[in-house]
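Following: one structure in structure tokens, then a few remarks.
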Amino acid sequence: MYDIDVLYQAKSVQDAVKLRLAHPEADIIAGGSDVLVQMREGKRAGKSLISIQTLDEIRGVKLEDDGTIRIGSLTSFSHITRDPIIQKYINVLGEAVDQVGGPQIRNIGTIGGNTCNGVTSADSASTLFAWDAIVELTGPDGIRRLPISEFYIRAGKVDIREGEIQTAILIPKESYEDTCGHYIKYAMRNAMDIATLGTSVNVRLSADKKTVLRARVAFGVAGPIPLRAVTAESLAAGQPVSMELAERFAQAVKADIHPRDSWRAAKDFRMHIAVESAKRAFIESVKLCGGAL
């Protein structure tokens, strides 16, 4: 069923790096929810694979001493959704990845695979952009970390260098502290469908819950890679909480997004749902933070 040339099994992260250097033509396989499907379709027929599936050292969620949330790249979507650290500090990420495929896909699909694909429709991507995630890569020269906005280069292309594998996604404490968010996925079907548009918003309010100290909004499928709408973010910062602000915030996202026409949706329709979903996600984020509109 699967036309695989050679399957190499990595025994550790460093072993995976050595295998990557020795076999640069080989693809990494983790859960296999994307790679094996593409192989069966003939897109990767005859490829060699390096399996990292058994590397428990890069699986799981933990809170580091400085408050950084560390999500191992092999952590499954189901694990992320159920994890108590995610539920306490950044529940919106669990809600976002819980909309990936069906239960079987969520049980084997990993956060690393979802981001390393480099596709703009990945359900995790817009939320990770909105929360200033940092991507950790391990290679022959050690550990390299970069903002997720720099990790995505173009559609289907990410910044993974020779011999590197992605080992973690990091969410700094200053990105999630006292912050609440909401994710909206618009798709043609309610289940097991790729996003026509994904919208992730989060806000941080003043102590009296009447002022927006900070707002973030990021989109998937509003451009060739996930992106932030920085014009809307700047507009909301320091402003009183109100329905009027929610409307202006939503309208401002049009300055930074670049949706396209496709068989799934027309550009104008994507623009319309981007504005509407940004407004709804902003309102919900404010409410989750204890604000009133």
Inset, instruction - Classify the side-chain pair Gln251/Glu247 by whether it contains a donor and acceptor separated by less than 3.5 Å. - result: yes
Inset, instruction - May I ask you to decide if the ring planes of Tyr8 and His23 are parallel, tilted or perpendicular, using 30° and 60° as cut-offs? - result: parallel
Inset, instruction - Check the hydrophobic clustering (I, L, V, M, F, W, Y; side-chain heavy atoms under 4.5 Å; chains of links allowed) and say if Val135 and Leu93 are grouped together. - result: yes
Legend entry - Linked, directly or transitively: Phe77 and Ile69 (ILVMFWY side chains, under 4.5 Å): yes
Inset, instruction - Would you tell me whether Glu57 and Ser12 have side-chain atoms, one donor and one acceptor, within less than 3.5 Å of each other? - result: no
Inset, instruction - For atom NZ of Lys209, decide whether the heavy atoms of other residues, nucleotides or ligands shown that lie under 6.0 angstrom number more than 12. - result: yes
Inset, instruction - Consider only side-chain N and O atoms of Arg59 and Thr110, and report whether a donor and an acceptor are under 3.5 Å apart. - result: no
Legend entry - Thr231 and Asp256: side chain donor to acceptor below 3.5 Å: yes
Inset, instruction - Could you grab the distance from atom CG of Leu170 to atom CG of Asp132, nearest 0.5 Å is fine? - result: 12.5 Å
Inset, instruction - To the nearest 0.5 angstrom, please state how far the CG atom of Asn117 sits from the OH atom of Tyr152. - result: 8.0 Å
Legend entry - Arg106/Asp98 salt bridge by N-O under 4.0 Å criterion: yes
Legend entry - salt_bridge(Glu244, Arg248) N-O dist < 4.0 Å: yes
Legend entry - Separation of Glu25 CD from Arg20 CZ (nearest 0.5 Å): 10.5 Å
Inset, instruction - Answer with yes or no whether the side chains of Ser78 and Asn107 bring together a donor and an acceptor at under 3.5 Å. - result: yes
Legend entry - Option among Gln166, Arg144, Arg70 that satisfies the side-chain hydrogen bond (donor to acceptor under 3.5 Å, both in side chains) test with Glu136: Arg70
Legend entry - Between Tyr183 and Asp123: side-chain donor-acceptor atoms closer than 3.5 Å: yes
Inset, instruction - Check whether any side-chain N or O of Glu162 sits under 3.5 Å from a backbone N or O of Leu21 as a donor-acceptor pair, and report yes or no. - result: no
Legend entry - Ile257 to Ala274 - nearest heavy-atom pair and separation: CD1-CB, 3.5 Å
Legend entry - Straight-line distance of Phe151 CZ to Lys157 NZ, nearest 0.5 Å: 10.0 Å
Inset, instruction - Examine Leu293 and Ile184 and state if one hydrophobic cluster contains both, with Ile, Leu, Val, Met, Phe, Trp and Tyr joined whenever side-chain heavy atoms are less than 4.5 Å apart. - result: no
Inset, instruction - Assess the side chains of Ser200 and Thr127: does a donor N or O sit below 3.5 Å from an acceptor N or O? - result: yes
